[in-house]
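Chain A is the first sequence line, chain B the second, and so forth, proteins listed ahead of strands; every chain is numbered from 1.
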Amino acid sequence: MKDNEIHAMRHSLAHVLAAAATRLWPEIKLGIGPVIENGFYYDIDSGEAHISEDHFKKIEKEMRKIINEDLPFEHFTMTIDEAVKWAKDSGQTYKLELLNDLKRDGTTSVSDIDPEQLGIASEDAALSEVEFYRCGDFVDLCRGPHVASTGKVGAFKIMRIAGAYWRGKEDNPQLQRIYGVGFETKDELKEHLEMLEEAKKRDHRKLGKEQDLFMFSETVGSGLPLWLEAGATIRRELERFIVDEEIARGYTHVITPDVASISLYEKSGHYPYYKDSMYAPIDIDGDQYMLRPMTCPHHFEIYTQKPRSYRELPMRIAELAKLYRYEQSGELSGLMRVRSFTLADSHIICTPDQAAGEVAGALELIEHIAGVFGLNRGDDYRYRLSLGDRSDDSKYFKDDAAWNDAESKLRTVLSERGDDFFEAEAEAAFYGPKIDVQMKNVLGKEETAFTVQYDFVMPKRFGLRYIDEHNEENEAVVVHRSSIGAIERVMAFLIEHFAGKFPVWLAPEQIRVLTVSADDKQMLEYAREIKEKGQKLGLRVGLDLEAESVGKKIRASVLDKVPYTVVVGEQEVDSGLLKPRIRDDLSVSGREPELKVDNFLQSVANEASSRTLRSSL
RNA sequence: GCCGGUGUAGCUCAGGGGUUAGAGCAACUGUUUUGUAAACAGUGGGUCGCGGGUUCGAAUCCCAUCACCGGCUCCA
């Protein structure tokens, strides 16, 4: 089936949902009901009806009734004035607002709404006519397209209900958004629901608990993760990896404090923009100090400590910086969104001519890192060119020429590298546009994982200048970038990406040695010896000496997702050979080779240091 | 912050205005000394998120609050 046919089915399902809800609760007012990935939603002001999950069965039943009636979707048009009258008469105040906007200002003022929802005859119509669809008694403002009749909408399920502000603005009333999924056949629907169940098993919050990676404590506070030994081990490996990689690429790694005087943020200009998402000031000796929400100003202070020559540029100041942001309570989510996190941050201070090359270099580093994790552009992540909104001075620094210049620079870098990307309005930082690496989590939800940002504001604010080859002073530009993003967030992605089965270099326990017997002294001693030898090679080796069956101990090791499990019994003690059991995802050959202890340990150590994703045994 | 939902043992979950709140796994103890995904038996473990109210009686009903989940808003 073609995409546009599926789209028409889902769009029609949204209308069936609205029609069903209107039959059940005639007094409700409708917002909009667009198609989304795998389904649709409809925003409804249910007034007294207070729709909740308990009503889903009732709604689905009514929708099925409408589908069985096989009502045709009939297209017709009205003049804009007739449409306004219709909205008034039927009490559809939200539709009325849209129509009034259309009538007054044309299409631009309603650009926050999907054009399909507006019933505009065409993109540049004179607005004399507005399109409608009728489906039985139910009439809705809509440009279509729809399927021929309600019998042709395919298989669906109502999934959830949530609040959503009218037209996405916090000051507007909140409507109830009813989400559904829709597919051509019941089998596809079933498959989709099963996929969601599978995805839940990889959820980083579930695996984090199962594998003792991290925890939260109500007493410590919301959004403040506590890293347990296993999780801390993984994160330490990640941090070593990224710091070493950056230093090799000419970054200057520094360490600066987690607090700073409030005057630093007043100087940077961050304070008015971000004070709502900063922790409240700490009063010390009459001065106010802030927990830092970003690293930029600290790094700029380092740059400006003395005059700089063009010979020193680009200066790539980098840090694993612990940051604190007072995110709204409802925005917190596992490790994806926390209030205390560590950003692999850097501020590249360079000449305007060097900026494009530095952006390209940062992207190259990002690509390299993604490659080490086995992440693919297209499947796992994509590039987003995030642009500013020139009309919104409260969120974006006013300097149209600088915005134009910066945006075209970033666009050029992406084009020259041949990278696919998409553009998004009003997603920039207040100081300039950025290239965001948008990573998909296990349920397909996207978050920014890494970012490269062009900054034309801070250099002025902080006086980031350099002496050029003609002995003249010039203003530098800044590229903010994060190579691996926030460690917490990238951990969340990696836990889900690997489904908890970390490659050898990251695995908290790389080898588990278990004994056949718990009493045989020689056997126990041999197992301990293997562990010590492994540790000398920098390996993380666990021991299971419990008085349990071999089968049970193997099972425990498999469930703990340990890459290599070796059994030690009389045979091994006598022969000096091991037959390591390789975790299923790592094994290339499917065989279980027999190796000398030292050879086995050395191979695993080599795998760890080369950060490979597969076993070489 | 807003809308909707959830909160019972370390974990997964059952129960539910009326004696002492259950199961499996985990933990612990004992027996077994085990050869590649679960030996057997027993023991301990819960202020039913926290606080208040209604009631003869609350884990169960009501209110408030905290945390988490799904969205919205936000995301330097």
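If you take CD1 of A/Ile36 and C1' of B/C72, they are 13 Å apart, rounded to a whole angstrom. Residue A/Tyr42 contributes atom OH, which lies 22 Å from atom P of B/G71 at whole-angstrom precision. Between the CD atom of A/Glu331 and the P atom of B/A67 there is a distance of 14 Å, given to the nearest Å. Put simply, CD1 on A/Ile44 is 15 Å from P on B/G4, counting in whole angstrom units. As a whole-Å value, the separation of A/Lys445 NZ from B/G70 P is 7 Å. Atom pair A/Lys169:NZ and B/C2:P shows a separation of 21 Å (rounding to whole Å applied). Look at CZ on A/Arg337: it is 13 Å from P on B/C69, rounded to the nearest Å. Straight-line distance from the NZ atom of A/Lys552 to the P atom of B/A38: 10 Å, rounded to whole Å.
Side chain of A/Gln328, nearest nucleotide from B/C74, B/U34, B/G4: B/C74. Closest approach to the A/Ile554 side chain among B/A39, B/U36, B/U33 is made by B/U36 (side chain taken as heavy atoms from C-beta onward). The side chain of A/Val550 has B/U34 as its nearest neighbour among B/U34, B/U33, B/C72.
Taking side-chain N and O atoms only, A/Ser222 has a distance below 4.0 Å to OP1 or OP2 of B/C68. When the side-chain nitrogen and oxygen atoms of A/Arg489 are compared with OP1 and OP2 of B/C75, none of them lie within a distance under 4.0 Å. Between B/A67 and A/Arg205, no contact under 4.0 Å exists linking OP1 or OP2 to a side-chain N or O. Regarding contacts with the backbone of B/G1, a side-chain N or O of A/Ser329 is found under 4.0 angstrom from either OP1 or OP2.
The base of B/G35 sits with one of its N or O atoms less than 3.5 Å from a complementary donor or acceptor on the side chain of A/Glu572. Counting distance only, with no hydrogens placed and no angle test, the side-chain atoms of A/Ser549 and the base atoms of B/U34 include no donor-acceptor pair under 3.5 Å. A donor-acceptor contact under 3.5 Å is not formed by the side chain of A/Tyr165 with the base of B/G71.
Salt bridge status for A/Lys434 with A/Asp436: present, with a side-chain N to carboxylate O gap under 4.0 Å. Electrostatic pairing of A/Glu210 and A/Lys206 counts as a salt bridge here, judged by a charged N lying under 4.0 Å from a carboxylate O. Checked for salt-bridge contact, A/Arg481 and A/Glu358 miss the test: no charged N lies under 4.0 Å from a carboxylate O. Between A/Lys201 and A/Glu198 there is a salt bridge, since a side-chain N of the basic residue sits under 4.0 Å from a carboxylate O of the acidic one.
Using the Watson-Crick or G-U wobble rule with both distances under 3.5 Å, B/G24 pairs with B/C11. Under the Watson-Crick or G-U wobble criterion, with both distances below 3.5 Å, B/C68 is paired with B/G5. Pair check for B/A41 finds B/U29; Watson-Crick or G-U wobble, both atom distances under 3.5 Å. With a 3.5 Å ceiling on both atom-pair distances, B/A59 lacks any Watson-Crick or G-U wobble partner. As the counterpart of B/C75, no nucleotide is assigned, since no Watson-Crick or G-U wobble pattern has both distances under 3.5 Å.
More than 12 heavy atoms of other residues, nucleotides or ligands lie within 6.0 Å of OH in A/Tyr279, so this atom counts as buried by the packing criterion.
Spacing of C1' atoms, B/A14 relative to B/G7, comes out at 15 Å, to the nearest Å. For the P atom pair drawn from B/A37 and B/C11, the interatomic distance equals 29 Å after rounding to whole Å. Using C1' as the reference atom, B/U29 and B/G35 are 26 Å apart when rounded to the nearest Å. Taking atom C1' in both B/U47 and B/A59, the straight-line distance is 10 Å, to the nearest Å.
For the side chain to side chain contact (heavy atoms under 4.5 Å, CB included) test, residues two or more places apart in sequence or in another chain that qualify with A/Ser261 are A/Ser263, A/Tyr289.
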